[in-house]
Amino acid sequence: MKHGKMISRLGMLFFIICLCALALPFFTKKTVIAENVDAEDDVIRDGFSYYIDTDTSCLTITGNGAMTAITIADGTGNNKFEVTRPWAGTEEEAAQITSVTVGEGITAIPAGTFSNLPNLVSIHLPATVTSIGDYAFYGCTSLESITLPDNVTSIGAEAFAGCKSLTSIHFGEKMESFGTLALWNTASLAEITIDPANSYFTIANNALCSLDKTTIYAYPASLTKSITLPAAAQTIESGAFAFSKAPSATIPKKIKSIAGGAFYSCKSLKKVIFDKQSACTSLDCFVKKYHSDLTVRYGAFENCSKLKEFCAPNKMKQIAARSFVNCSRVKSVSLGKNFQYFTNGNKTQTSFSKTGMKKLASISVSEKNTRFSSKNGCLYNKKKTKLYMRPVKS
């Protein structure tokens with residue numbers, strides 16, 4: 001009798017173990033994003049492991065050294081590029097990811113690795129990471145904040161471009177290079193900080209600057225107070241103040257040039273004030289060809305829809321032709337005594353683009369200018385024998 005009970009109990013125990021084994025996958029929901037890979041396994045590529053836990057929507061990557069570079073191909077139409085991710089997932093699967101954990105030992109985040117993950121909110125990077133590639137977090141529209149490890153030395157071009165929910169970013173002690181347009185179109189950005197021990201960059205007047213404060217790289221776009229640059233500033237890089245909500249900007253006297261896109265789409269900007277002794281000689285245009293179907297151009301003040309006037313300082317010699325495109329409320333443009341020409345790529349010309357300048361009523365020129373003159377709001381050659389430009393509302 002006892003022997004029969006023992007067999008019965010062993011049978012029941014065996015039944016329970018089998019039941020638990022069958023139920024286990026339902027309690028440990030792990031989705032592996034890869035083709036032709038057993039759902040019980042992580043994706044392993046070149047020594048790196050990738051997997052998503054569907055309970056947390058967290059992508060975890062482990063391994064040592066520089067992560068496997070993803071394939072970046074030319075985009076089509078307005079798409080700047082297309083990527084093939086190391087874990088070979090579809091865009092629908094990538095959209096599931098809300099957080100990323102990069103394991104200790106990984107040293108580099110290659111170009112485009114986490115680009116266009118629309119629901120990515122947070123990212124954890126280990127102390128071993130030393131570089132962030134071009135477009136690494138491009139278009140991560142839900143990413144809210146990021147702290148970069150102290151060992152990161154380089155930030156690639158457009159690394160965080162289009163991260164429209166990003167409110168804060170911290171750069172570490174060893175950052176040496178900051179890529180072009182790295183914080184482009186981060187309209188919610190309220191704070192940029194950097195380790196005070198950094199030997200190459202600092203924060204001055206809320207802006208990310210070179211250590212000597214001569215070059216301005218980026219500014220928190222969501223700040224609504226007027227922009228005042230450090231007195232030592234000499235150069236404003238492309239995209240530095242793009243999408244800013246500031247109502248005005250004061251340009252100090254040592255600024256030598258304003259790069260294309262520097263104040264792009266500052267839709268609250270009403271006034272730009274140059275120092276009376278301003279050394280600024282040019283407003284430039286940013287041009288970049290991504291592929292055969294897409295070349296972008298950004299004028300210095302393009303899309304500043306509330307800007308009312310522009311008065312060039314006397315030392316300004318050239319203005320890119322699309323500097324005021326879609327500045328729909330600009331009524332007047334004034335040119336100084338040293339002004340020489342408008343630029344369109346490598347070409348020089350005698351007029352600028354009036355596209356979107358619906359209220360332009362007057363173009364005036366200093367009487368001391370040796371090449372241009374003005375009359376009744378129109379732009380002429382010096383002798384007024386040739387009309388170069390007539391305002392929209394003349």
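All residue numbers refer to positions in the sequence shown, counting from 1.
Separation of atoms CG (Asn64) and OG1 (Thr128) is listed at 8.0 Å; rounding is to 0.5 Å. The structure places NZ of Lys337 at 10.5 Å from CG of Asn369, a figure rounded to the nearest 0.5 Å.
No donor-acceptor contact under 3.5 angstrom links the side chains of Tyr264 and Glu302, judged on distance only.
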For this session: Dump the intermediate steps for ring-ring contact (aromatic ring centres under 6.0 Å, His included) on Tyr298 and Trp184, then the final yes or no.
Result: CA-CA 12 Å; Tyr298 302 127; Trp184 176 261; 4.5 Å; yes
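Cluster membership for Tyr341 and Ile319, using ILVMFWY side-chain heavy atoms within less than 4.5 angstrom, is not shared. Taking hydrophobic clusters as Ile, Leu, Val, Met, Phe, Trp and Tyr residues chained together by side-chain heavy-atom distances below 4.5 Å, Leu125 does not share a cluster with Val121. Under a hydrophobic clustering in which Ile, Leu, Val, Met, Phe, Trp and Tyr are joined whenever their side-chain heavy atoms come within less than 4.5 Å, directly or via other members, Tyr380 and Phe352 fall into different clusters. In terms of hydrophobic clustering, with Ile, Leu, Val, Met, Phe, Trp and Tyr side chains grouped at heavy-atom distances under 4.5 Å, Val392 and Val330 are assigned to a common cluster. Ile363 and Val325 end up in different hydrophobic clusters when Ile, Leu, Val, Met, Phe, Trp and Tyr side chains are linked at under 4.5 Å.
Annotation for Pro126 and Val102: closest pair CD-O, 3.2 Å, computed over non-hydrogen atoms. Across all non-hydrogen atoms, the minimal contact from Ile109 to Ala136 is CG2-CB, 4.2 Å. Minimum interatomic distance between Ala207 and Ile216 (heavy atoms only, all atoms of both residues): CB-CG2, 4.0 Å. Minimum interatomic distance between Ser222 and Ala187 (heavy atoms only, all atoms of both residues): CB-O, 3.5 Å. Annotation for Met357 and Phe324: closest pair CG-O, 3.4 Å, computed over non-hydrogen atoms. Nearest heavy atom pair, residue Lys382 against residue Phe372, reads CD-O, 3.8 Å.
Within a 6.0 Å radius of CD in Gln277, other residues, nucleotides and ligands contribute 12 heavy atoms or fewer. Atom NZ of Lys354 has more than 12 heavy atoms from other residues, nucleotides or ligands within 6.0 Å.
Remark: Ser334 engages Ser364 in a side chain to side chain donor-acceptor pair (under 3.5 Å) (not counting sequence neighbours). With sequence neighbours left out, the ring-ring contact (aromatic ring centres under 6.0 Å, His included) criterion links Tyr219 to Phe241. Take Asn326 and apply the side chain to side chain donor-acceptor pair (under 3.5 Å) test, not counting sequence neighbours, and it matches Asn303.
When side chains are defined from C-beta on, Ser238 counts as touching Leu181, because their heavy atoms get closer than 4.5 Å. The shortest side-chain heavy-atom distance between Phe137 and Leu166 does not fall under the 4.5 Å cut-off. Within the 4.5 Å cutoff, no side-chain heavy atoms of Ser57 are placed close to those of Ile97.
Applying side chain to side chain donor-acceptor pair (under 3.5 Å) to Lys174 and the options Thr153, Thr130, Asn151 leaves one that passes, Asn151. Remark: of the listed residues Asp150, Asp195, Thr193, Thr193 is the sole one forming a side chain to side chain donor-acceptor pair (under 3.5 Å) with His170.
With Ser282 contributing its side chain and Asp284 its backbone, the two residues share no donor-acceptor pair below 3.5 Å.
Ring pair Phe48/Tyr50 is tilted by interplanar angle, where 30° to 60° counts as tilted.
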